[in-house]
2 protein chains.
Amino acid sequence: MATSLNSAPENEVLKLDNQLCFPLYAVSRMLTKAYQPYLLALDLTYPQYLVFLLLWEQEPLTVKEIGEKLLLDSGTLTPLLKRMEQKQWVSRQRDPHDERSVVIGLLPAGRALQAQACQIPEQILTKLNMSAAEFTALRTQLNQLLSQLT
Amino acid sequence: MATSLNSAPENEVLKLDNQLCFPLYAVSRMLTKAYQPYLLALDLTYPQYLVFLLLWEQEPLTVKEIGEKLLLDSGTLTPLLKRMEQKQWVSRQRDPHDERSVVIGLLPAGRALQAQACQIPEQILTKLNMSAAEFTALRTQLNQLLSQLT
DNA sequence: CAATGTTTAATTGTGCACAATTAAATTTTT
DNA sequence: AAAAATTTAATTGTGCACAATTAAACATTG
């Protein structure tokens, strides 16, 4: 079969290069991959790292609170947090005052990871090859877009 | 246990709000969700939609070519393309001139989806609430970042 | 030409994402 | 207080992502 090229102007809008969604999707995945070597050294996955960023800042947090901050639901978080519990990084227990809630706290091993993780952001920043101003501007734009989409 | 707040300046770099990776990750997922109602109407997933964007522009393509353009490997593409084949959207056959390659072509049902899909980009654009200039600028920035990360 | 190395998909196994459902605890309404 | 509605996690099932391995086809080298 001969190669067919379909470049009719009415289809311009469907070209991959004209989409915003694809670079977003691809950059997100490639950036996660850029974290991989550092996270692997800590035996962490990227979503687990995000949960730690929250807990290192404030703990304990309920599954609901983590879900609201990371925009993830219990279908994702419950098994993820169980794996983090198995590694003795976090505790999971029902809130005695509201048995519906599960409270996630840091265990010593999870708290100890922070010291090793705090080198990661600067090493990623190097890989990005962006100025601090560009970094902040892009982050602001994306946060605006995020609030538009949520 | 009392809530612990850890805001020591040496940990600022680990705060979720200071990361670029999180808004990228979250916007990517929320944007995919914004596509959901339109894709659901065509019985498509988002990665399948991306494959179609490529094939509508040019076909046939090998699995390798699709993987290079979307930055996906055969572990993702093989089962995805098999599902698309099952729905009679695409054909999958070994290249007779190089039996290592699998050539993906459009079938009539897959070609027909283009007409229904071409309304999607403008509807997404509305949801984004961005000017054309902002849209293009952000896309350019992300494409730059993508080439930096690949 | 035979041996070696490379390329290409497929396979296997793990961990997200997420829609949909379920079940228990709590809150609100009557 | 009893009934109804809401909230919260957990569960189930599907479909990516991706690392690592395998196997076949092809290319290169001696």
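In this text the structure is predicted, and so the values were computed from the model without any measurement. A, B, ... follow the sequence lines: proteins, then strands. Residue 1 opens every chain.
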**B:Leu53 side, atom CG; A:Leu14 side, atom CG - distance, nearest 0.5 Å** = 6.0 Å
**Item:** B:Lys82 NZ to D:dT14 P, straight-line distance once rounded to whole Å
**Value:** 17 Å
**Prompt:** From C:dC18, D:dA17, C:dT11, pick the nucleotide closest to the side chain of B:Thr78?
**Reply:** C:dT11
**Prompt:** For DNA chain C, whose closest nucleotide is more 5', that of A:Leu80 or that of B:Lys33?
**Reply:** A:Leu80
**Prompt:** Between A:Leu40 and B:Tyr46, who's closer to the 5' end of DNA chain D by nearest nucleotide?
**Reply:** B:Tyr46
**Request:** Using a 4.0 Å heavy-atom cut-off across all strands, classify A:Ser74 as base, sugar-phosphate, or nothing.
**Result:** base
**Message:** Assuming nearest nucleotide by heavy-atom distance, tell me which of B:Pro79 and B:Asp73 is located more 5' along DNA chain D.
**Reply:** B:Pro79
**Message:** Closest approach to the side chain of A:Pro47, judged atom by atom: which nucleotide of D:dA9, D:dA17, C:dA17 is it?
**Reply:** C:dA17
**Asked** In whole angstrom, what separates A:Lys64's NZ from D:dT7's P?
**Response** 8 Å
**Sugar-phosphate, base or nothing in reach of A:Thr32, heavy atoms under 4.0 Å** = nothing
N/O-N/O pairs, protein side and nucleotides 26-28 of chain D side, under 3.5 Å:
unit_1, atom_1, unit_2, atom_2, d
D:dC26, OP1, B:Glu99, N, 2.8

**Prompt:** To the nearest angstrom, how far is B:Arg92 atom CZ from C:dT8 atom C1'?
**Reply:** 13 Å
**Request:** Would you mind reading off the distance between B:Leu39 atom CG and D:dG15 atom C1', rounded to a whole angstrom?
**Result:** 14 Å
**Prompt:** Within the structure, does a side-chain N or O atom of B:Arg29 lie under 4.0 Å from either OP1 or OP2 of C:dC18?
**Reply:** yes
**Prompt:** Do you reckon B:Leu80 sits in the same ILVMFWY cluster as B:Leu107, going by side-chain contacts under 4.5 Å, direct or chained?
**Reply:** no
**Rounded distance in Å - CG (B:Leu70) to C1' (D:dC18)** = 15 Å
**Length of the CD-C1' vector between A:Gln93 and D:dA9, whole Å** = 15 Å
**Complete:** Rounding to 0.5 Å, atoms CG (B:Leu113) and NZ (B:Lys87) come to a distance of 10.5 Å
**Prompt:** Rounding to a whole Å, what distance do you find between B:Tyr35:OH and C:dA19:C1'?
**Reply:** 21 Å
**Message:** Closest approach to the side chain of A:Leu72, judged atom by atom: which nucleotide of C:dC18, D:dA17, C:dA10 is it?
**Reply:** C:dC18
**Item:** A:Glu85 and A:Arg92 ion-paired at < 4.0 Å
**Value:** yes
**Parallel, tilted or perpendicular: ring planes of A:Tyr25 versus A:Phe22, cut at 30 and 60 degrees** = tilted
**Item:** From B:Leu50 atom CG to B:Leu72 atom CG, the distance as rounded to the nearest 0.5 Å
**Value:** 8.0 Å
**Prompt:** With a non-hydrogen cut-off below 4.0 angstrom, is A:Ser101 in contact with a base, only sugar-phosphate, or nothing?
**Reply:** sugar-phosphate
**Request:** Round to the nearest Å and state the distance from B:Arg94 atom CZ to D:dA23 atom C1'.
**Result:** 10 Å
**Message:** Below the 4.0 Å mark, does D:dC16 have OP1 or OP2 next to a side-chain nitrogen or oxygen of B:Arg83?
**Reply:** yes
**Request:** May I ask you to say what B:Thr45 touches in the nucleic acid, namely base, sugar-phosphate or nothing, with a heavy-atom cut-off under 4.0 Å?
**Result:** sugar-phosphate
**Request:** Answer yes when A:Asp98 and A:Arg100 have at least one side-chain N-carboxylate O distance shorter than 4.0 Å, and no when they do not.
**Result:** yes
**Asked** What orientation do A:Tyr35 and A:Tyr49 show, parallel under 30°, tilted 30 to 60°, or perpendicular over 60°?
**Response** tilted
**Prompt:** Can a side chain N or O of B:Gln36 be found less than 4.0 Å away from OP1 or OP2 on C:dC18?
**Reply:** no
